[in-house]
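Numbered from 1 within each chain, the chains take letters A, B, ... in sequence-line order. Please read these numbers as outputs of a predicted model, since none were measured by experiment.
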Protein chains: 2
Amino acid sequence: MAATIKDVAAAAGVGIATVSRVFSGNGPVGAATRERVLAAARALDYRPSAAARSLKTRGAAGIGLVLPGLDDPFAAELAEGVLAGARDHGEHVLLDVSGGDPAREAAAAARFAEQRVDGIVAVPAAATPADAAAWADVARACGVVFADRVLPGAAGIPSVLADDAAGVRVLVEYLAGLGHRRVAFLGAAAPGAAPGVRERAFRAALREAGADERDAVAVPARPNRDSAYAAAAGLLQSRADVTAVVASGHLLGEAAVLVARELDLRVPGDVSIAMVDDVPWAELCDPPLTAVARPARLMGQRACDLLLRDRARRPAAPAPLPAELVVRGSCGPPRQARGPR
Amino acid sequence: MAATIKDVAAAAGVGIATVSRVFSGNGPVGAATRERVLAAARALDYRPSAAARSLKTRGAAGIGLVLPGLDDPFAAELAEGVLAGARDHGEHVLLDVSGGDPAREAAAAARFAEQRVDGIVAVPAAATPADAAAWADVARACGVVFADRVLPGAAGIPSVLADDAAGVRVLVEYLAGLGHRRVAFLGAAAPGAAPGVRERAFRAALREAGADERDAVAVPARPNRDSAYAAAAGLLQSRADVTAVVASGHLLGEAAVLVARELDLRVPGDVSIAMVDDVPWAELCDPPLTAVARPARLMGQRACDLLLRDRARRPAAPAPLPAELVVRGSCGPPRQARGPR
DNA sequence: CCTCTGTATGGAAACGTTTCCAGTCGCCGG
DNA sequence: CCGGCGACTGGAAACGTTTCCATACAGAGG
């Protein structure tokens with residue numbers, strides 16, 4: 001159906017090698033010949049086959065991008081960064097989302113590897129050793145770079161990270177400076193599980209600010225809307241002694257705002273709220289939400305660079321990218337305890 | 001470097017045809033032979049080359065997705081729909097964003113066509129006849145389906161649309177029912193340009209509700225944050241007689257909410273606000289924003305289906321998908337005029 | 001015992017490029 | 001006038017698959 005290089009060669013009365021040279025720009029071609037070839041190609045609506053080309057040259061197969069979902073503004077912005085990075089390198093991007101399901105994630109990665117992508121950028125949802133093994137398997141076929149996550153079992157796969165610890169520390173220092181002592185961390189690890197970097201940074205910073213061990217209130221939550229809401233409701237209903245809430249993600253921040261409104265708590269009058277991840281609606285809240293902004297776009301771009309440019313001397317743990325505290329109106333001095341206990 | 005089918009055949013002591021049959025599942029293969037081949041493939045970490053396969057079979061090259069950007073929640077959800085549709089058909093998705101620039105958009109589309117994608121789904125930013133011609137050119141090489149837009153000059157390219165007209169009509173009827181007469185439409189076409197479907201539906205519905213011609217206040221705005229903000233500010237500062245605002249997009253809705261807050265207008269006490277496009281933060285607003293919800297995910301999926309399944313008898317204008325009014329707290333009965341004029 | 005059908009297998013020809021290797025031609029310096 | 005030496009061109013061999021065709025063999029039916 002579609003015209004091939006052979007058709008063009010015949011139409012222009014030249015050899016196929018010449019047509020190839022015209023389009024790939026490799027060898028020398030006479031000006032008149034080139035014109036004739038171009039005209040024939042236009043007439044036939046010829047477009048070179050990327051499949052044949054990449055079969056022959058084993059080049060430019062694109063890079064794969066695997067995300068939990070696009071509904072998260074952080075992920076979306078990271079994706080735009082990857083897109084920008086890929087464009088800089090003249091590569092295209094294959095996208096798939098996992099919906100947080102490690103099985104779908106592994107399937108997507110395997111599929112990309114089969115497409116002979118030059119590399120894969122992923123925000124993995126995986127957590128179990130089996131998942132990590134699947135990723136290690138993929139990494140043997142093509143380069144893999146994680147963004148915003150580290151996967152314990154998958155040694156040798158570098159991660160591009162934001163400096164969450166520093167961001168949380170600055171946020172806690174800010175709250176402590178306002179006078180808060182009893183602060184809750186919304187989105188802690190389940191009891192017994194190892195706490196993440198954000199939770200550890202939270203505890204350390206609060207201790208450094210002179211707070212008691214019991215002042216650090218850790219509220220576990222799993223990363224979905226319902227769990228976030230339940231956690232926020234449980235916290236704000238039962239712990240009237242807490243004067244500030246640090247939400248470990250925008251889903252949790254959203255839940256905290258919603259619950260506070262339903263309980264008729266004033267922000268920041270009754271309780272101060274801040275969160276990690278600066279999303280567009282943080283500005284639209286009333287009051288606008290103080291947040292730790294993480295450079296999502298830059299992270300995507302860096303992941304691309306790591307994959308495509310620094311493939312030789314790929315550092316296992318590149319320096320984390322700076323996170324920045326964006327102060328808005330949702331935090332203020334603490335009021336007296338709201339009730340007993 | 002990577003193992004080929006020939007290596008596997010040699011390692012397993014069989015012919016290459018047999019290995020091919022094992023992996024493509026086309027011909028019959030003895031159970032013992034299959035096991036031997038699979039073992040050899042595992043040992044060599046063999047993965048079939050998608051390039052070679054699609055060269056030979058001219059199949060499954062994926063589908064291209066071109067969006068203005070991922071920061072728009074509507075676009076992001078539409079993309080998830082396309083992803084889901086593609087997965088159903090066993091296709092993968094190539095993504096690129098244009099940032100609203102017709103040139104980048106055309107380049108992305110041409111690139112995808114060269115990749116021999118089975119088709120392209122796009123939310124085009126293009127508008128000029130030249131842009132339309134570029135799209136028509138691409139459409140000759142592979143199937144194209146537009147989503148959420150129609151491009152006047154590009155005949156023969158079908159569009160998947162939501163029933164914006166019905167959505168706006170229901171919204172205006174709702175406002176009229178609350179008692180509003182003088183209503184502003186934020187996001188009208190520039191004076192002299194042809195008004196879009198939403199604006200036309202707005203005018204018609206308001207007239208039907210018994211309002212005067214002068215009651216329909218059209219405020220032009222271009223599709224970016226700054227212009228939206230300027231338009232909203234201009235409207236709310238100068239037209240105190242307007243009791244309700246219909247924003248023709250979430251950017252404009254956001255601007256209206258922000259400006260109203262800055263001017264200390266109470267919503268819906270002083271002015272009612274509603275918008276087209278239900279985005280997550282609509283629920284987080286105080287008060288939550290009434291909006292016309294459009295089925296973005298479904299639109300993406302339908303676009304995919306149109307491209308991959310109904311390619312033969314592709315209807316030029318499939319029935320628009322229903323939009324739904326989601327009533328929240330941002331609209332109420334009109335108050336007396338806020339001031340003179 | 002011979003043929004016939006069916007299942008397993010291998011060889012080889014495509015698919016549309018790129019690129020190596022020759023070959024043709026015009027032109028310059030000797 | 002001739003030996004190169006460029007610039008330009010065409011033929012053909014890959015690249016890694018799929019698939020058509022031929023072959024081999026086993027069992028069934030005559």
Test item: side-chain donor near acceptor, B:D305 and B:H89, under 3.5 Å: yes

According to a strict under-4.0 Å criterion, is A:T18 in side-chain N/O contact with OP1 or OP2 of D:dG10? yes

Indicate yes or no: at least one non-hydrogen side-chain atom of B:I5 is less than 4.5 angstrom from one of B:S20. yes

Taking C-beta and beyond as the side chain, do B:V8 and B:V14 meet within less than 4.5 Å on heavy atoms? no

Decide yes or no on salt bridge (charged side-chain N to carboxylate O under 4.0 Å, His left out) for B:R140 and B:D137, but give the supporting numbers first. CA-CA 5 Å; B:R140 255 181 307 125; B:D137 196 51; 2.4 Å; yes

Rounding to a whole Å, what distance do you find between A:I5:CD1 and C:dT19:C1'? 11 Å

Would the base of C:dG10 count as contacting B:R21 through its side chain, where contact means a donor and an acceptor less than 3.5 Å apart? yes

A:T33 side, atom OG1; A:R21 side, atom CZ - distance, nearest 0.5 Å: 10.0 Å

Could you tell me the separation between the CG atom of B:L44 and the C1' atom of D:dG16, rounded to a whole number of Å? 15 Å

For a quick test of reading the model: is some side-chain N or O of B:S20 closer than 4.0 Å to OP1 or OP2 of D:dT17? no

Identify the pairs formed between an N or O of the protein and an N or O of nucleotides 12-14 of chain C at a distance under 3.5 Å, and give each distance.
from: C:dA14; atom 1: N3; to: B:K56; atom 2: NZ; distance (Å): 2.9

So with a 6.0 Å cut-off around CZ of B:R294, is the heavy-atom count from everything else above 12? yes

If only side-chain N and O atoms count, and only distance matters, is there a donor-acceptor pair under 3.5 Å linking A:T128 with A:D131? yes

Need the bend value for the helix from C:dC1-D:dG30 to C:dG30-D:dC1: angle between end axes, 5 pairs each end, nearest 10°. 50°

Should the pair A:D96-B:R87 be classified as a salt bridge under the 4.0 Å nitrogen-to-oxygen rule? yes

Quick one: B:R36 CZ to C:dG10 C1', roughly how many Å, whole number? 13 Å

How many whole angstroms separate atom CG of A:D7 from atom P of C:dG16? 8 Å

Heavy-atom nearest nucleotide on DNA chain C taken for B:P28 and for B:A52; more 5' hit belongs to B:P28

Among C:dT17, D:dT17, C:dA8, the one nearest B:S49 by side-chain distance: D:dT17

Quick one, B:S159 and B:R149 - any side-chain contact, counting heavy atoms below 4.5 Å? no

Nearest-neighbour nucleotide for the B:L55 side chain, C:dT9, C:dC15, C:dT19 considered: C:dC15

Contact class for A:R47 (heavy atom, under 4.0 Å): base, sugar-phosphate, or nothing? sugar-phosphate

Contact under 4.0 Å: B:S54 side-chain N or O vs D:dT17 OP1/OP2: no

Could you please spell out the steps behind the salt bridge (charged side-chain N to carboxylate O under 4.0 Å, His left out) verdict for A:R297 and A:E80? CA-CA 6 Å; A:R297 172 175 256 102; A:E80 291 221 6; 2.6 Å; yes

Hey, does the side chain of A:N26 come within less than 4.0 Å of C:dT19's phosphate (OP1/OP2), counting only N and O? yes

Can you check the B:F23 CZ to D:dT19 C1' distance for me, whole Å? 17 Å

Provide, to the nearest angstrom, the distance between the CD atom belonging to A:Q115 and the P atom belonging to D:dG16. 16 Å

